[in-house]
Each structure stands twice: as C-alpha cells, then as structure tokens.
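Note sheet for the following structure.
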Amino acid sequence: MSRYSAAQIEANWRKAWDEAGIFRAGSDPAKPKYYVLEMFPYPSGRIHMGHVRNYTMGDVIARHKLATGHNVLHPMGWDAFGMPAENAAMASGGHPKDWTYQNIADMRDQMKPLGLSIDWSREFATCDPEYYGQQQALFLDMLEAGLVYRKNAVVNWDPVDMTVLANEQVENGRGWRSGAEVERRELTQWFFAISDMAEELLEALDGLDNWPAKVRLMQENWIGKSRGLQFAFGLNDGPEGFDRVEVYTTRPDTLMGASFIGVSPDHPLAKDLEKDDSDLAAFNAECRKGGTTEEALEKAEKRGYDTGLTVRHPFDTSWELPVYVANFILMDYGTGAIFGVPAHDQRDFDFATKYGLPIIPAFLPAEDADPHLTAPYVPAKTEPVHYVSNFAGDTWQSGADAIEATIAFCEANGVGQGVTKYRLRDWGLSRQRYWGCPIPVVHCDTCGVVPEKKENLPIRLPDDVTFDVPGNPLDRHPTWRQAPCPKCGADARRETDTMDTFVDSSWYFIRFTAPDAQTPTDVAAAEYWMNVDQYIGGVEHAILHLLYSRFFARAMHITGHLPKSASEPFNALFTQGMVTHEIYQTPGDNGRPVYHLPEDVKDGRLADGTPVQIVPSAKMSKSKKNVVDPIGIIDAYGADTARWFVLSDSPPERDVEWTASGAEAAHKHLSRVWRIASEIAEGSADGNAEADEALLREMHKAIHDVTVGVESFGFNAAIARLYAFTGVLAKSDAANAAKRQAARTLAQLMSPMTPHLAEEIWQMLGGEGLIAIAPWPVADPAMMHDDTITIPVQINGKRRTEIQVPQDMAKDEVEKVALATDAVQRALEGAQPKKVIVVPGRIVNVVI
RNA sequence: GCGGGCGUGCUGGAAUGGUAGACAGACCAGACUUAAAAUCUGUUGGGGCUUGUCCCCGUGUGGGUUCGAGUCCCACCGCCCGCACCA
C-alpha cells in the first residue's frame with residue numbers, strides 16, 4: 001500500500017474543481033443564496049499563517065454551505081492601494097504599479113494551493129482603473145448628496161516627506177518613515193460627513209445580533225454619545241466681539257465647584273488674544289507643536305496661560321473666575337472651552353494645584369468637605385449628590401438623574417440647553433500620496449472647486465512619475481494637473497490629493513456582486529447577493545473599516561446604488577484570533593536580543609549548539625523572526641495539513657500557537673485517515689451486525705456534532721469530534737459495507753477542512769461525483785440516542801456510582817434503580833433519603 | 001482614568017447549572033523491529049490507606065445562591081484587549 005502523498009493528491013483535485021466550475025457563483029433562484037467573505041488582503045507579496053487561518057475559516061463555511069444546497073458567493077480581491085508600494089518604489093526605484101501587480105500575481109500563486117473554494121472570476125484589485133473609476137463616480141454622487149465636503153482641519157504633517165500622516169503613522173510624535181517631528185498643520189481637506197450619521201450608526205448597532213458584543217461596544221464607545229449642558233459664561237472686558245465663553249459639560253451637577261475657565265490654544269478667543277500678546281502667542285505655538293500621540297500626551301504636563309480675563313458665574317454674577325488658555329483642552333470636542341472643577345476631576349485638580357486656584361467641593365455633605373483638599377473629592381456612588389439646586393433649591397438626587405435634573409433646572413433658569421454630542425468626527429479622506437484613488441475634482445480660478453464630469457472617469461493615475469524626492473509626485477507632474485474646468489472650460493488644476501485607502505475597502509464587498517458593472521453597482525445583483533451573510537476578519541478592523549463600511553452602505557443607499565435593505569452590510573461578523581509562535585533569541589550586542597527563525601532551532605539550540613532563550617508565544621512577525629512560512633508547510637505536508645492544524649487547537653476567536661509538533665500531529669492524523677480509508681477500500685472482511693449498528697450510531701452522532709460545530713464556529717470542537725470518530729472507525733469490527741459508509745461520511749464531514757483528502761477518500765470508496773457538491777449528510781435522530789444509557793448517581797452532589805437504565809425509563813423507576821445501588825445503600829445506612837432529584841437522561845442526586 | 005474580556009493538568013484546550021480535564025500535544029511504559037523510523041496499545045491532576053466498583057482534596061482567592069457551581073451573584077487578586085488630556 002502506498003502512503004498518503006498530499007502533493008500528488010492536491011493538485012489533481014484543484015484541477016478537477018476548476019474544470020467542473022463548481023465554485024463559480026451563479027444566480028440559481030431555486031437555491032438560497034449565501035455570501036461568505038474574508039477581509040481581503042493587502043498584496044504584500046507573501047501570504048502568512050494569519051491569511052491561511054482567515055481564509056480557511058471562510059472556506060469551511062463556504063464549502064459547508066455549498067454542500068447544504070446554497071448558491072454560494074465566495075470571492076477574493078486585493079486591497080491594493082497604499083503607502084508600502086510607494087515606499088518600495090522610493091527604496092528600490094521601481095514603480096508602485098509594477099510592484100503591486102507583481103505582488104498580487106505572487107500571492108495569488110501562493111493562495112491557490114490552499115484549495116479555497118473561491119470564485120476567481122470576480123477577482124479585482126482596488127488599484128484597477130475599472131474599480132477606482134467607479135469609486136470616483138461614487139464620490140461625485142456623494143458630493144452631490146452632501147455626504148462629502150471640504151473644510152479646513154488640523155492634521156499631522158510630516159515636514160520632510162511633505163505629506164499628511166494618519167494618526168497610526170505617527171510614532172512618538174515623529175513620522176514613522178522620515179523620523180521628522182510631526183507638526184499639527186491646518187489644511188483644507190476632504191471629509192466624509194460620517195458624524196451626521198452618528199445617531200443612526202449607534203442605534204443600528206442594536207440590530208447586529210450576530211456581531212461580537214465586543215465590536216459593537218467598541219463602535220459604541222468610538223461614536224461616544226454623551227449628554228450634557230452647553231451654556232456660556234459672561235466675559236468681563238473681553239476683546240472686541242467676545243462677550244461670553246461657551247462651554248460644554250457632561251457634569252453640570254458640578255457647576256458650583258467651578259474655579260476657572262480653560263480654553264484651547266486653538267480657540268478663537270486664544271487666537272484673538274495672541275495678536276496683542278507675544279507671550280501667549282509663544283505659548284500657543286508651543287502647545288500646537290506638541291505631538292498628539294498617546295505617549296506624548298501622557299508625558300505632557302498640564303500647562304496654562306493666565307489671560308488676565310475673568311468671567312461671571314451664571315448663578316452668581318458677582319462670582320468671578322479666571323480664564324486660562326490650557327494645553328490639555330481640545331478644540332474639536334465640545335466647544336473647545338471648559339470650566340474646571342478641581343474638586344471632582346484629576347486633570348482640573350492638577351491644574352488648579354499648579355496655579356494655586358481654589359478647590360471647591362460641589363457636593364454635600366458639606367461637613368465632609370475639606371476646604372483644603374489634596375486630592376479630587378469623589379463622592380461614593382451611592383451617596384446622594386446635591387447638584388446645582390443646592391444653590392437655589394433643595395432637591396437631592398444622584399448620578400444621571402442629578403445631571404438631567406440639573407439640565408432641566410439650568411434650562412428653566414435661562415442658563416444654557418441640554419445637548420447631545422458625539423465623539424465621532426468626520427472622516428478626513430485626503431492623502432498627499434500618489435498610490436491611491438485620485439479625487440475627481442478640478443480647481444478653477446473662476447468656478448472654484450468643480451466636480452469632474454462622469455464621462456471623463458476614470459481619472460487615471462499617470463504612470464510617468466518619480467519618487468526620488470519627497471512629497472506627492474502628482475503635485476510636480478509636468479502635465480497631469482492641467483485640466484479644463486468642467487464648468488467653464490478654462491484652464492484649471494486637478495486635485496492632486498488621493499483618497500484614503502479605507503475608502504477602497506468600504507465598498508469592495510458590494511462590487512463583488514457585480515464586478516464588471518459599468519456603474520458602481522448593479523442594484524439588482526446587489527439586491528440579490530447582499531448582505532454579506534458571514535464576514536470574517538481580524539478584530540483590528542473593529543472600528544475603522546467596519547464603521548466606514550456601515551457608513552458607505554448608507555451613503556450608497558442615499559445615492560441610489562444600494563437597496564435600503566443593505567444598509568447594514570454584514571449580517572454576521574466573526575473576528576478570528578491570530579497565529580502565534582514562540583520567539584527564539586540569543587543575547588546580542590548592546591543588550592538587544594538576536595532573533596532566530598524556528599527552522600534554525602532544534603531542541604532549544606542553534607546548529608552550532610548555542611542554546612536559545614525561548615520567549616512566550618506572540619503574533620508572528622518578521623522582526624521577531626517567529627514566523628512559519630505557509631508555503632514551506634504546504635510543500636512539506638500539503639495544504640490540508642496546514643488547514644487542519646490552524647483550525648484544530650484553539651477556538652477560532654482565540655489565538656492559536658503554531659508548533660512544529662502540532663503540525664506534525666495534524667499530518668499524522670490525516671495520514672491515518674487516509675490509511676484507514678485505503679484499508680477499507682481494499683478490504684472485504686466480514687463483521688458482525690452488532691458492530692455495524694454501533695458504528696452507524698456513532699456515525700450519526702458525529703454527523704450531528706460536527707455539523708453543529710461547523711455551523712457555530714466551533715471548528716476546534718468539530719475537529720476533536722472527528723478525531724474521536726476516526727478512532728471508533730479504526731477499531732470497529734463492523735462489516736465492510738458499514739465501514740465504507742462510515743468512512744465516506746467521515747470524508748464528507750472532513751471535507752470543509754481538508755477538501756483534497758476528502759475528495760481522494762470519496763473517490764477511493766466509490767462516492768459519486770465530487771464530494772464538494774455531494775449533499776451534506778443528515779443525522780438521523782433515531783440513530784442518535786441509545787436504548788440503554790449510563791447515568792451518574794450522586795450522593796449530596798458528589799458522584800458515587802452510575803447506573804444503566806433504558807433511555808425512556810420513568811423517573812420514579814430510575815429513582816428506584818439508583819436507590820438500590822450498593823453505594824447509595826451504604827451511604828443511607830438504612831435511613832430514608834431526604835430528597836431524590838432525577839434529571840431524566842442526565843443525573844440522579846440523592847440527598848441524605 | 002473609562003470600557004470589556006479571561007484565569008481549568010506539564011502544554012493547547014473540552015464541559016445547554018448535572019460524571020471536571022473530552023480531543024490533542026508532551027512525557028513514560030509496552031508491542032512490532034537486529035536496530036531505528038513509522039505504526040499500534042497503555043499510563044499520567046494531587047493526596048491517603050484498609051489497593052477498593054474505596055476515601056479525601058481539586059477549575060486564581062474568599063464568601064453566597066442551589067439538591068448540585070468551572071459555569072450564576074458579590075468582593076478581591078492577577079493577566080489580556082480596546083479607548084483616552086473627550087470636559
């Protein structure tokens with residue numbers, strides 16, 4: 001008998017699937033549709049184990065749906081715009097386009113051996129002009145609908161590379177590539193009006209029952225709805241045009257504890273004052289320079305500048321509070337101005353302590369309040385809070401009630417209004433980069449900003465660009481910028497900013513439903529295929545990509561590109577864990593460890609015998625060298641082994657640690673299954689009917705358990721069940737016919753995870769056609785329960801013995817059997833039990 | 001600081017409130033072999049004695065609810081993740 005050879009099997013079956021065209025999504029109305037999608041990859045040029053895990057999970061779902069009679073859409077594409085292509089071009093002198101398409105070709109070649117049930121006919125890359133041209137059309141429609149606009153905004157500006165950087169591209173206040181200190185700069189940029197939809201995006205989260213609660217919560221926090229009071233302090237002797245300072249607070253109940261007013265360095269008042277105050281101008285400039293990174297903020301000291309101005313407290317106009325410009329106040333949240341309550345807020349406390357401002361407790365009981373507090377005074381949760389009406393009245397309330405009551409009180413007394421605010425800000429999409437989707441507008445000296453005509457789309461990126469100097473190549477291109485004004489025809493200039501790549505990924509899943517349409521979408525196709533029934537990807541996209549996509553689906557409905565039913569594009573979301581690996585390191589110079597690839601380490605030592613230090617498992621990363629190349633694994637063991645292993649050891653939402661022994665074990669198991677099937681295929685040994693019955697019963701239980709596992713993302717549990725069933729089959733004395741049936745079923749149950757091996761076994765055992773499209777087995781309930789069952793007997797909740805009883809035995813009969821056991825009789829010592837609990841089919845508990 | 005999650009053998013992990021440790025890895029022992037590999041079988045939470053179809057303990061710690069708790073509730077400890085000068 002020959003041995004299991006994945007290399008031989010796998011290529012054959014991929015060819016067979018290809019020729020049969022079984023993964024091509026049709027529109028068979030007789031079948032229910034099912035759209036399964038994994039987040040599409042960035043074409044870095046190399047697939048990694050994370051991809052393998054992600055796509056394998058999606059493939060298990062897709063193949064299972066195919067076998068259960070669904071019309072399945074399972075597409076793949078490339079998130080192909082972005083900075084790495086430009087960085088590669090800058091580093092090696094190539095062109096981003098060549099680099100990207102070469103990487104796509106390479107990655108496609110690496111992915112195909114995985115045997116994924118993908119409809120490759122729908123493949124596209126976001127850098128294809130056919131795609132980004134439609135994206136430009138979408139942009140124009142959104143512009144017309146008021147969903148896109150231009151405004152002046154503060155951004156991270158890298159003065160060396162001369163481009164805007166996203167927040168995540170700023171490290172410790174410096175540009176991640178240039179190392180230059182990032183400046184905050186005001187620029188006119190394009191924005192999507194996502195914040196207008198804040199309430200709807202928040203409310204609709206409630207309906208996303210099949211999303212992880214964690215992701216919904218993260219989005220909820222990100223949208224950040226808050227309820228508060230907005231009102232003004234009257235300003236004494238302010239500059240021209242400034243007679244009040246508008247503030248927003250979520251804690252109006254602390255109003256009587258106010259001791260100063262703080263405004264942002266970017267606040268209009270601060271900007272006005274700095275005109276005549278060079279010290280303040282210097283202070284503001286210093287504040288604006290400060291980085292916006294987490295670390296920079298943590299280190300930054302609370303600093304303020306006393307403007308010398310004062311405001312009047314709304315409830316006691318003789319009470320004057322100083323006005324400071326303070327570095328910790330953000331211009332783009334609330335009104336850019338606050339009142340400080342040092343007694344109840346750590347930041348305000350730090351500030352007040354530094355500048356010798358009063359610390360006034362706003363809550364009773366006043367007798368507990370120390371007039372010389374050394375730390376913020378925080379009332380206990382249950383303690384009644386005496387809110388503003390302490391000043392004017394006598395009502396006692398707490399928490400949110402106190403805040404609402406205070407707002408009502410303030411409104412009644414003409415001090416401001418209750419308002420709802422959101423943290424969510426509009427999405428700035430302008431990037432001063434070449435390798436992105438050009439924003440299709442023209443700047444005309446007479447007409448201003450003019451949308452490009454749709455018939456001129458796509459506005460293509462020019463190919464003749466250079467990357468030898470920093471900045472945006474589109475800006476310095478000799479001719480590309482020149483364009484006639486679509487309105488008046490005069491010479492005008494193209495917009496040279498391109499779109500954030502998150503725009504590309506916000507609607508690609510809709511484009512998959514009609515990838516060749518001459519409009520952004522084919523609404524009928526979108527209506528048929530949308531929504532994505534199951535979306536799978538990393539939790540790192542919990543906010544940005546998933547929130548943007550939810551916004552886009554709504555925007556596309558508004559602009560007529562999608563039915564309303566697709567406004568929430570992803571019915572179910574699953575966030576899978578990472579693939580991790582131990583890190584091997586040896587001490588290097590200057591205390592920095594030297595990392596070693598897993599393949600260079602044997603038994604804890606390098607080839608030359610040097611022992612390595614093993615650092616606990618972490619996400620595979622090139623810099624730590626704790627990576628295992630999927631290609632190497634596929635070459636050594638086959639794709640089925642890689643697929644089986646990444647699904648087997650851990651629940652899919654958790655990280656899985658790649659271990660050499662685990663991969664080896666997976667391969668051994670698949671070899672074993674292959675061997676068992678081969679023996680059955682060759683064998684003709686007789687068995688006994690009793691063994692047949694037992695085997696088939698086990699088979700039906702396995703069908704049930706594995707099906708449940710596959711349908712509920714319990715892949716690891718399904719695989720454990722398959723191990724167990726394989727063991728039963730291997731030991732069974734059943735006749736060949738029964739074994740054959742069981743082995744064919746085993747192959748079917750394994751087919752979503754190990755499709756190639758499953759096909760091979762199916763064929764070996766005389767299965768008809770391709771297993772990939774053979775109807776999924778159905779468990780027979782009659783075969784799933786045994787006539788006689790074993791149930792444990794507890795005494796006072798502790799297991800003491802077990803009894804065998806007929807499955808359908810009456811409760812009191814079961815009780816009698818249990819009481820008659822030696823263990824129970826011994827424990828009773830002739831007495832009567834106090835109570836006997838019988839859970840049918842489950843357990844008996846005798847209470848003594 | 002705010003929000004969320006998780007703590008189970010040597011390891012990954014399993015367990016609708018109902019036999020804790022399924023299934024794997026690792027280790028050890030045995031079979032086969034001249035030997036090794038491969039394969040197959042078996043053992044493995046801790047402790048005790050009277051070695052049994054035995055007893056006690058055991059799911060981070062301490063309480064509670066329940067006939068019964070890894071699972072539910074309260075408090076604490078530890079770890080992980082997300083957000084964050086957001087007023």
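Just so it is clear: chains get the letters A, B, ... in the order the sequence lines come, proteins before strands, and each one is counted from 1. Just so we're clear, the structure is a prediction, and the values are computed from it rather than from any experiment.
Under the 6.0 Å cut-off for aromatic ring centres, A/F715 and A/F713 qualify, their centroids lying closer than that. Residues A/W211 and A/F574 keep their aromatic ring centres 6.0 Å or farther apart. A/F260 and A/Y355 have their aromatic ring centers separated by at least 6.0 angstrom.
Comparing the C1' positions of B/rA38 and B/rC56 gives a spacing of 44 Å, expressed to the nearest Å. Rounded to the nearest Å, the gap between the C1' atom of B/rG70 and that of B/rG18 is 13 Å. When the P atom is used for both B/rC81 and B/rC67, the distance is 42 Å, rounded to whole Å. The P atoms of B/rG5 and B/rG9 are separated by 22 Å, rounded to the nearest whole Å. Taking atom P on both nucleotides, B/rG68 is separated from B/rA20 by 15 Å, rounded to a whole Å. Taking atom P on both B/rC6 and B/rU71, the two are 12 Å apart, rounded to the nearest angstrom. Across B/rG4 and B/rC85, the matching C1' atoms stand 22 Å from one another, rounded to whole Å. Spacing of C1' atoms, B/rC23 relative to B/rA35, comes out at 33 Å, to the nearest Å.
Residue-level contact check: A/R721 touches neither bases nor backbone, having no heavy atom under 4.0 Å from any strand. Residue A/K225 is out of contact with every strand shown, counting any heavy-atom pair closer than 4.0 Å. Nucleic acid contact for A/S650: sugar-phosphate only, since backbone atoms but no base atoms lie under 4.0 Å from a heavy atom of the residue. Residue A/R303 is classed as having no contact, given no heavy-atom separation below 4.0 Å to the nucleic acid. The residue A/L722 sits apart from the nucleic acid: no heavy atom pair falls under 4.0 Å.
Straight-line distance from the CD atom of A/E657 to the P atom of B/rA26: 13 Å, rounded to whole Å. Atom P of nucleotide B/rU39 and atom CD of A/E679 are separated by 13 Å, given to the nearest angstrom. When rounded to the nearest whole Å, the span between CD1 of A/I614 and C1' of B/rU11 equals 13 Å. A/D649 places its CG atom 12 Å from the C1' atom of B/rA26, with the value rounded to the nearest Å. Across the protein-nucleic acid pair, A/Q804 atom CD and B/rU53 atom C1' stand 12 Å apart, rounded to whole Å. As a whole-Å value, the separation of A/F349 CZ from B/rA87 P is 20 Å. In this structure, OH of A/Y333 is placed 13 Å from C1' of B/rC83, rounded to the nearest angstrom. Atom CD1 of A/I223 and atom C1' of B/rC83 are 14 Å apart (whole Å).
Taking the side chain of A/S661 as heavy atoms from C-beta on, and the options B/rU19, B/rG13, B/rG25, the nearest nucleotide is B/rG25. Checked against B/rC85, B/rA22, B/rC40, the side chain of A/N327 finds its nearest nucleotide in B/rC85.
Nearest heavy-atom pair, A/P268 versus A/M331, reported as atom, atom and distance to 0.1 Å: CD-CE, 4.0 Å.
Proximity of A/R675 to the phosphate of B/rC40: a side-chain N or O atom is located under 4.0 Å from OP1 or OP2. Phosphate contact (OP1/OP2 of B/rA87, side-chain N/O of A/Y248, threshold under 4.0 Å): absent. Considering only side-chain N and O atoms, A/K798 lies nowhere under 4.0 angstrom from the phosphate OP1 or OP2 of B/rC55. Contact annotation: A/R799 side-chain N/O to B/rC55 OP1/OP2 distance is not under 4.0 Å.
Side-chain contact of A/T335 with A/E246: a donor-acceptor pair under 3.5 Å is absent, judged by distance alone. Of the N and O atoms on the side chains of A/Q219 and A/R550, at least one donor lies less than 3.5 Å from an acceptor on the other residue. Under 3.5 Å, the side chains of A/T641 and A/Y4 contain no donor-acceptor pair of N or O atoms. For the residue pair A/D655 / A/T580, no side-chain donor-acceptor distance below 3.5 Å is found, with atom types taken as modelled. Between the side chains of A/T790 and A/E802, not a single donor N or O lies within less than 3.5 Å of an accepting N or O.
Across all strands shown, B/rG7 forms a Watson-Crick or G-U wobble pair with B/rC77, both key distances being under 3.5 Å. When both pairing distances are held under 3.5 Å, B/rU19 makes no Watson-Crick or G-U pair with any nucleotide shown. Figure legend. B/rA35 is base-paired to no nucleotide; pairs are counted as Watson-Crick or G-U wobble with both atom distances under 3.5 Å. Checking B/rG68 for Watson-Crick or G-U wobble geometry (two distances, each under 3.5 Å) identifies no partner in any strand. Nucleotide B/rC2 is matched to B/rG82 when pairs are restricted to Watson-Crick or G-U wobble geometry with both distances under 3.5 angstrom.
Residues A/K668 and A/N716 each lie close to RNA chain B; by heavy-atom proximity, the contact nearer the 5' end of the strand is made by A/N716. Position along RNA chain B of the nearest nucleotide to A/L217 versus A/A665 favours A/L217 as the more 5'-ward residue.
Residues A/F645 and A/D640 fail the side-chain proximity criterion, which asks for heavy atoms closer than 4.5 Å.
Under the 90° criterion around 0 for the glycosidic angle, B/rG9 counts as syn.
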Protein-nucleic acid N or O pairs under 3.5 Å, nucleotides 80-82 of chain B:
{"from": "B/rC81", "atom 1": "O2'", "to": "A/K214", "atom 2": "NZ", "distance (Å)": "3.4"}

Output a table of nitrogen or oxygen pairs between the protein and nucleotides 66-70 of chain B separated by less than 3.5 Å.
{"from": "B/rC67", "atom 1": "O2'", "to": "A/N845", "atom 2": "ND2", "distance (Å)": "3.2"}
{"from": "B/rC67", "atom 1": "O2", "to": "A/N845", "atom 2": "ND2", "distance (Å)": "2.5"}

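To the nearest 0.5 angstrom, A/F349 atom CZ is 11.5 Å from A/L357 atom CG. For the atom pair CZ of A/R216 and CD of A/E220, the computed distance is 9.0 Å after rounding to the nearest 0.5 Å.
A side-chain hydrogen bond (donor to acceptor under 3.5 Å, both in side chains) with A/Y637 holds for exactly one of A/H667, A/E664, A/K668; it is A/E664.
If you check distances only, the side chain of A/R826 never reaches the base of B/rU53 with a donor-acceptor pair under 3.5 Å.
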